[in-house]
Amino acid sequence: MRGSATDSTSVPGNRQLRRAAVPLASAALLLPLLGAAPAQSTTDSSAGRLQQAFATASDEYHVPQSVLLAVSYLQSRWDWHGGAPSVTGGYGPMHLTDARTAIATTEHYAEGTEDARGDGARSAVHPRIDVPAESAVPARLKTLARAARLTGLPAGRLRTDPAANVTGGAALLAAAQKELGEPLSTDPADWYGAVARFSGADDTATAAAYANDVYDVLHTGEERTTDDGQLVALAAEPGLAPDTAQLERTGLRTLSADGTECPRSVSCEAVWAPYAQFGNNDYGNHDLGDRPVSQRIRYIVIHDTEGTWDGVLHLIQDPTYVSWNYTIRSTDGLIAQHVKAKDVAWHAGNWYVNAASIGIEHEGFLANPDAWYTEAMYRSSARLVKYLSRTYGIPLDRQHILGHDNVPGPTTSVIPAMHTDPGPYWDWRHYFQLLGHPFKRTAGKRSGLVTILPDYASNQPEYTGCTTSGAPCTAHGSSEVRLYADHDTSAPLIKDVGLGKDPTIDVNDLSSRVATGQQYAVADRWGDWTAIWYLGQKAWFRNPSDEPVAVPAKGLVITPRDGLASIPVYGRAYPEKEAYPAGVPAQSVVPLPYTIPAGQKYVVGDEVPGEYYYSVTFTTDSHRVVLGKDLYYEIQYGHRVGFVRAADVTLQGSAG
């Protein structure tokens, strides 16, 4: 849900990730885990420190080392993030939470001037939001203070020392085990209840889903190099059978999931958004529909909330507010559904996209500019998206799984107000691996298309504006790659004429950025540089063969048909005037301030009909789905997608 292009106080959080040479944990530490040390060597004196921290904490608090490792993996994938907190104020490998200073000062749908509904046929909704009091921060967001009390270690050290952070996590797990009346067993199977309690969930379904994920990590094992260059390993225990009966003794509530549309593999509760009439013939906070019978659901839009879970769930139940379909909690992956898939939520700022999409919010707010997302939330979100993809036939690609920052402004005047979440620090590469559709090379090296695919940790573009306008953000891994007007980093950045200002490297400025998974037609090559067609221009990015940030791809492209010097680009695919029946005002089909000159090519995401859902009254008797004869192609035009009329273009393959 984050940041309008003009609001530096609500920008995506910048997270600290450093890619170092891959070190090796010491053979002595890895032998109990792997049976043998990997055949690698290193001179890095830090090698094995994190692995040793897990062993030391395990001995001190009598928590099985494998349980500590698996819990930490689900929280942080063992990354340290340079000591920076997560989007919910969680620190370190164990994600110990300290959200006292992490209350957002703004909220996604109240910031900037974007109309979340995005339909000029109805008045815009711009709600006012009150910041929650510090006392409203729930216990699950204050675990670091309890860890400090249990260990006697200063809170500051738990935030800044990875070994101390692991110790704090071990103390919390041991305390949970004792509170359940269970012994401090050496058998990982005996810790199911404590793991469930560690999640912070207050219901059995969410706690169980979290614990099951931890034991899945135990079953399969994991090994990876962390963001500070340490190799950490956890041996697989495929025969481990946890004592799931312990869940009954946790005292957690039973989740109300009546009527929710979620897969069985996640925990899901119902917190329904009200469809209510109020004021002067006004209503909120979504529209009733009949999807997919009346309209195909084509897109899933990924947001983040810029607000706490409890505050967001309060807002979604306000009929004067706006809406989205689901929210996912950061600490444990709990999903709440608010709007049925058949109905149309107000979330993307573009009515055409809203009417054809499902919006998913991910809990997050700025603790400081170095925020990161938990593995628990990534996994829960991926399971939900896979379920929605299967149910509604939504392709798992970046033309249909959009960030809010990929949704186009429906008209020229609103382009500068469109939001930029989830931002450059959302790990699209990892997310699509969890979706089971990893991005990869699909063509030969001279293909006419590329898929943007940088290594997240080592790809660290410079950004400004995370804290104050113009101030540098901390170096951090990113899903995005910067574009230049020539094959030189000193060349001007690519300009987006729709934004009406010169391009910058501000974290919210999308003018000259491409993101992981997006596909573009190749315009030129020069040494280590590749040029693509982007916003009607030739845009260059550095793409060396030894460290590529894009890979060859295949697919379909459009180009202006013969005889046309250029063609317009649209922010919505609305029907022609003649398609509207009596009683339904015809919506203007006005192009954006963008064109595609002859000879340029853009990757096609989908062929879509001209379609408009007329829904401006509380009663549904006047609602209509208007279908036109005009067809459009959705294309990857800039950082955002766009639409072109099929009659204006020629469809081609990607070879050549």
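Predicted model only: the values in this text are computed from it and were never measured. Every heavy atom of this structure was used, including side-chain atoms; hydrogens, water molecules and symmetry mates were not. For reference, positions follow the sequence shown, starting with 1.
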Salt bridge (Lys or Arg N to Asp or Glu O under 4.0 Å) evaluation trace for Asp405 with Arg513:
CA-CA 11 Å; Asp405 55 352; Arg513 285 162 30 188; 5.5 Å; no

Could you go through Trp191 and Val63, starting from their C-alpha distance and side-chain angles, then the distance that decides it, and tell me whether this counts as side chain to side chain contact (heavy atoms under 4.5 Å, CB included)?
CA-CA 9 Å; Trp191 287 77; Val63 180; 3.7 Å; yes

Before you tell me yes or no, could you show the steps for Ile401 and Phe432 under side chain to side chain contact (heavy atoms under 4.5 Å, CB included), namely the whole-Å CA-CA distance, both residues' side-chain angles and the distance that decides it to 0.1 Å?
CA-CA 10 Å; Ile401 311 301; Phe432 269 76; 3.8 Å; yes

Apply the test salt bridge (Lys or Arg N to Asp or Glu O under 4.0 Å) to residues Arg140 and Glu363: give CA-CA distance (whole Å), side-chain angles for both, the deciding distance (0.1 Å), then the verdict.
CA-CA 13 Å; Arg140 65 185 175 81; Glu363 183 191 18; 3.4 Å; yes

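Here the rule is side chain to side chain contact (heavy atoms under 4.5 Å, CB included) with Trp78, and of Gln230, Glu375, Glu222 only Glu222 fits it. Here the options are Thr206, Asp332, Asn212, the test is side-chain hydrogen bond (donor to acceptor under 3.5 Å, both in side chains), and the partner is Ser267; only Thr206 passes.
Side-chain N/O atoms of Thr56 and Gln52 include a donor and acceptor closer than 3.5 Å. Between the side chains of His95 and Thr374, no donor-acceptor pair is found at a separation under 3.5 Å. Between the side chains of Asp187 and Ser185, no donor-acceptor pair of N or O atoms lies under 3.5 Å. With 3.5 Å as the limit, one finds a donor-acceptor pair spanning the side chains of Thr451 and Gln519.
Scanning all heavy atoms of the two residues, the minimum distance from Asp79 to Arg224 falls at OD1-NH1, 2.9 Å. Residues Phe54 and Leu69 approach most closely at CD1-CD2, 3.4 Å, considering heavy atoms. Nearest heavy-atom pair, Ser58 versus Pro64, reported as atom, atom and distance to 0.1 Å: OG-C, 3.8 Å. Between Ala443 and Ala553 the shortest heavy-atom distance is CB-O, 3.4 Å.
The NE2 atom of His639 sits 5.5 Å away from atom CD of Gln518, with the distance rounded to the nearest 0.5 Å. Atoms NE2 and OG1, on His430 and Thr516 in that order, are 13.0 Å from each other to the nearest 0.5 Å. Put simply, OG on Ser479 and OH on Tyr431 are 12.5 Å apart, with the number rounded to the nearest 0.5 Å. For the atom pair CG (Asp528) and CH2 (Trp540), the distance works out to 11.5 Å, reported to the nearest 0.5 Å. Between atom CG of residue Asp202 and atom CZ of residue Arg253 there is a gap of 4.0 Å, rounded to the nearest 0.5 Å. Atom CG in Asp190 sits 6.5 Å away from atom CD in Gln246 (nearest 0.5 Å).
By the 4.0 Å N-to-carboxylate-O rule, Glu179 lies close enough to Arg146 to be salt-bridged with it.
Of the possible polar contacts, none joining the Ser380 side chain to the Leu334 backbone as a donor-acceptor pair under 3.5 Å is found. Here the side chain of Thr151 pairs a donor or acceptor atom with the backbone of Ala147 at under 3.5 angstrom. In terms of modelled atom types and a separation under 3.5 Å, the side chain of Thr167 and the main chain of Ala163 share a donor-acceptor contact.
A cation-pi geometry, defined here as NZ or CZ lying under 6.0 Å from the six-membered ring centre and within 45° of its normal, holds between Arg482 and Tyr463.
More than 12 heavy atoms of other residues, nucleotides or ligands sit less than 6.0 Å from atom CD of Gln433.
Using the six-membered ring where Trp is involved, Trp426 and Trp428 have ring planes that are perpendicular, over 60° apart on the 30 and 60° scheme.
Ring to ring, Tyr378 and Trp372 are not that close: their centroids are 6.0 angstrom or more apart.
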